[in-house]
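Note that this is a predicted model, so its numbers are computed, not measured.
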Amino acid sequence: MKLDIVFQNVTFTYAGAKTPAMRGIDLTIKTGEIVLITGPAGSGKTTLCSCINGLIPHYHEGDLQGEVHVGNYNTRNVRVGGLASLVGMVFQDPESQLVTNSVVDEVAFGPENLGIPREEIDERVKKALAVTRMTGYEEREPHTLSGGEQQACVIAATYAMHPEIYVMDEPLANLDPAGRAQVLKLVVKMAKERGKTLVVVEHALEEILPLVERVLVMSNGEIVRDGSVSQVLAAGDIKRVFKRPDIVRLAESIHLEGQPLKPETLFEEVQKHFKPKAIQARYAAQHSNGHGSPIIQLEHVTYCYQTDVDALYDVSLTVRSGEFVALLGRNGSGKTTLVSHLIGLLHPISGKVTVMGKDTSETPTHILARDIGFCFQNPNHQLVSFNVREEMTFGLKAHGIDPAEFDERIRTALEIVNMQDYADAEIFDLGKGQKQRIALASVLTLKPGILVIDEPTTGQDPEMTEDIFRIINDLNQQGTTVIMITHEMDYAARFAQRALVMNHGHLAFDGPMDQLLGNQQLIEENSLDLPDIAKLARMFSGYGVPANTVRFEDMHTYIREMVGVKNGD
């Protein structure tokens with residue numbers, strides 16, 4: 001079936017907005033194309049996707065100018081339900097897409113509504129669950145799943161529908177590294193084999209660029225670059241809009257022709273075109289700001305949800321004042337369950353949790369919150385007000401802070417997260433990444449000594465991710481104890497001194513980040529992945545490159561020295 005996607009001078013302005021979210025878009029995506037859309041948060045990517053499946057203009061209110069066609073269908077004249085069998089959409093926030101009471105019903109829901117025979121539905125569901133690592137979760141209630149498991153469930157549901165066009169808005173945002181790689185390869189392979197169109201919005205360029213054919217870069221509602229992968233990479237970076245992968249920039253720095261996208265390829269090309277020499281690089285030791293006395297202790301903690309499987313089993317650990325701890329592991333391994341015990345949202349079935357000497361099972365959450373700030377993975381679970389200033393005032397009032405301090409605390413917290421221009425904004429007008437920052441700022445107004453953050457970079461573009469980690473690192477350097485759940489291994493390796501790895505409710509590793517990076521078996525067993533720079537460092541370790549190198553700037557220096565490229569060349 002031929003279903004080209006055609007935008008003809010399309011501009012859309014959301015109701016109540018002063019400026020268009022998308023403007024002057026002329027675009028044709030041919031049937032069967034594999035297309036990546038990237039660009040900073042708020043650049044119009046989600047708006048463009050919403051035009052393809054008819055959410056604009058039939059669901060999102062606003063002014064649509066121009067025409068959008070999917071094959072012979074004008075989206076103005078076809079309801080969202082009419083396009084559902086043709087356009088399968090995976091939203092950025094998976095929770096908003098879940099509608100049934102079990103995973104198996106969720107995956108079967110779409111095919112059932114399309115009138116697919118029961119035998120075929122059963123086969124589609126079985127295959128969709130297998131390829132998304134959700135086999136065994138059939139009877140789980142979707143809203144009890146972790147964020148990554150919810151994402152996998154939604155992808156499985158879309159996969160089972162067999163649409164003609166797949167539109168995926170940041171489908172990797174909540175997935176662990178191994179899950180990202182598996183899902184990406186699956187979706188691209190499926191689209192190619194079935195001859196279907198695939199449109200993916202994604203920031204994780206290292207993983208997706210080797211798999212797509214065409215790249216669109218958006219900024220301020222416009223398409224600022226459009227071409228093949230090689231054409232878009234050859235055109236260079238665009239400040240605060242598009243930053244090429246580290247491996248591509250390293251190759252360019254030593255004047256290597258071609259555009260290697262993987263560390264293995266760059267290593268082979270360096271061996272082929274140069275005679276790299278051994279260097280004497282100083283060991284890239286991690287720095288610590290010093291650690292104080294124990295402030296968090298888990299003693300033989302076990303917790304079980306309504307299922308018979310332990311979400312936590314006999315977990316014991318101690319966190320000291322001033323530490324920056326990365327909590328890692330595959331989706332559903334128990335990370336969020338563990339940190340939920342720290343603020344008293346969950347209480348252990350057996351064992352004991354103490355924070356600042358207080359037993360969390362006996363201490364009200366609002367008392368614990370004076371010492372420990374908690375940021376949820378989904379900011380919608382945390383934000384309770386309509387307006388940003390009201391949201392930040394809410395916590396201050398609840399904790400009895402002197403009203404004379406409100407303005408100063410709010411201003412300082414918003415400046416820390418670079419959202420000072422949004423003090424009077426409406427919460428529902430913000431993107432997910434912006435909501436994440438407001439949730440963090442609300443916590444920071446209370447000046448907690450301990451900060452627990454669950455996936456703070458979901459929905460953030462690369463520049464925002466860099467900013468968020470630097471903000472949190474600065475807070476840690478000033479004495480705040482940080483425990484962060486993250487799948488961003490490259491940033492965790494750069495900033496955290498200690499790693500905790502969860503595996504099916506067990507604590508599989510507790511030690512220095514350096515030791516984790518050097519344990520390939522442990523990394524693979526826990527669905528983690530080394531950052532590209534770390535992979536390259538291990539390959540070049542025989543030439544004197546420190547195997548624990550994780551910073552681009554360090555590897556840039558080492559690789560230029562190895563091949564004899566001098567500064568200024």
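- Glu202 places a side-chain N or O within donor-acceptor distance of the main-chain N or O of Ala204, the cut-off being under 3.5 Å.
- Ring pair His162/Tyr159 is perpendicular by interplanar angle, where above 60° counts as perpendicular and below 30° as parallel.
- Using a distance-only test at 3.5 Å, with no hydrogens or angles considered, a donor-acceptor pair links the side chain of Arg437 to the main chain of Val417.
- Between atom CD of residue Gln97 and atom CD of residue Gln151 there is a gap of 9.0 Å, rounded to the nearest 0.5 Å.
- With Asn378 contributing its side chain and Asn380 its backbone, the two residues share a donor-acceptor pair below 3.5 Å.
- With respect to the salt-bridge test (charged N to carboxylate O, under 4.0 angstrom), the residues Glu299 and Lys352 do not qualify.
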Problem set entry | Test salt bridge (Lys or Arg N to Asp or Glu O under 4.0 Å) applied to Arg494 and Asp554, step by step | CA-CA 11 Å; Arg494 283 171 54 191; Asp554 294 331; over 6 Å; no
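- Judged by distance alone, the side chains of Ser333 and Asn503 never bring a donor and an acceptor atom under 3.5 Å apart.
- If you check the side chains of His487 and Asn331, you find a donor sitting under 3.5 Å from an acceptor.
- Asn418 has its side chain out of reach of Met464: every pair of non-hydrogen atoms, C-beta onward, lies at least 4.5 Å apart.
- Using bins of under 30°, 30° to 60° and over 60° for the plane-to-plane angle, the ring pair His381/Phe376 lands in the perpendicular bin.
- At a threshold of 4.0 Å, the pair Lys358-Asp371 counts as salt-bridged, since one of the basic side-chain nitrogens sits closer than that to a carboxylate oxygen.
- Between Phe324 and Phe495, the ring planes lie parallel to each other; the angle is under 30°, not in the 30° to 60° tilted range.
- Applying the side chain to side chain contact (heavy atoms under 4.5 Å, CB included) test to Glu206 and every residue at least two apart in sequence or in another chain returns Pro245, Asp532.
- In summary, the side chains of Arg140 and Tyr305 do not present any donor paired with an acceptor at a separation below 3.5 Å, with no hydrogens or angles considered.
- With hydrogens and angles disregarded, no donor-acceptor distance shorter than 3.5 Å links the side chain of Thr363 to the backbone of Thr360.
- Counting heavy atoms from C-beta outward, Tyr303 and His347 have side chains that stay 4.5 Å or more apart.
- When side chains are defined from C-beta on, Val315 does not count as touching His506, because their heavy atoms never get closer than 4.5 Å.
- Side-chain atoms of Leu298 and Leu338, non-hydrogen and from C-beta on, do get closer than 4.5 Å to each other.
- A donor and an acceptor atom, one from each side chain of Thr354 and Asp359, are nowhere located under 3.5 Å apart.
- Two residues are said to be in side-chain contact when any heavy atoms from C-beta on lie closer than 4.5 Å; Met489 and Leu328 meet this criterion.
- Under the 6.0 Å cut-off for aromatic ring centres, Phe267 and Phe540 qualify, their centroids lying closer than that.
- With Asn476 contributing its side chain and Gly322 its backbone, the two residues share a donor-acceptor pair below 3.5 Å.
- Remark: side-chain polar atoms of Thr132 are not paired, donor with acceptor, to backbone N or O of Ala156 under 3.5 angstrom.
- Legend: residues meeting side chain to side chain contact (heavy atoms under 4.5 Å, CB included) with Cys49, ordered by chain and number and at least two apart, are Met89, Val167, Val201.
- A donor-acceptor distance shorter than 3.5 angstrom exists from the side chain of Asn519 to the backbone of Leu522, with no hydrogens or angles considered.
- Here the side chain of Thr265 pairs no donor or acceptor atom with the backbone of Pro260 at under 3.5 angstrom.
- Of all the heavy atoms in Arg320 and Gly292, the pair that sits closest is NH1-O, 3.2 Å.
- A donor-acceptor pair shorter than 3.5 Å can be found between the side chains of Ser146 and Glu149.
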Exercise. Yes or no on side-chain contact (heavy atoms from CB on, under 4.5 Å) for Leu198 and Met168, after CA distance, side-chain angles and deciding distance?
Worked result: CA-CA 8 Å; Leu198 173 62; Met168 313 190 86; 3.9 Å; yes
Could you go through residues 103-110 and list every donor-acceptor pair under 3.5 Å that involves a side-chain atom there, pairing it with any protein atom two or more places apart or in another chain?
from: Asp105; atom 1: OD2; to: Ser102; atom 2: OG; distance (Å): 3.1
from: Glu106; atom 1: OE1; to: Val99; atom 2: N; distance (Å): 3.0
from: Glu106; atom 1: OE1; to: Thr100; atom 2: N; distance (Å): 2.9
from: Glu106; atom 1: OE1; to: Thr100; atom 2: OG1; distance (Å): 2.9
from: Glu106; atom 1: OE2; to: Val99; atom 2: N; distance (Å): 3.3

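- Panel note: side chain Glu141, backbone His143; a donor-acceptor pair is recorded below 3.5 Å.
- Side-chain contact between Val35 and Val212 is absent, with no heavy atoms from C-beta onward closer than 4.5 Å.
- The one candidate from Asp490, Asp529, Asp246 that meets the salt bridge (charged side-chain N to carboxylate O under 4.0 Å, His left out) condition with Lys535 is Asp529.
- Glu553 CD: more than 12 foreign heavy atoms inside a 6.0 Å radius.
- The main-chain N or O of Gly39 is found under 3.5 Å from a side-chain atom of Lys45 such that the two form a donor-acceptor pair.
- Residues Arg240 and Asp461 have side chains not in contact (no heavy-atom distance under 4.5 Å, counting atoms from C-beta outward).
- Arg244 and Gln259 share no donor-acceptor pair across their side chains, judged by distance under 3.5 Å alone.
- Between Thr38 and His203, some side-chain heavy-atom pair lies under the 4.5 Å cut-off.
- Under 4.0 Å is where a charged nitrogen must lie from a carboxylate oxygen, and between Lys127 and Glu123 no such pair does.
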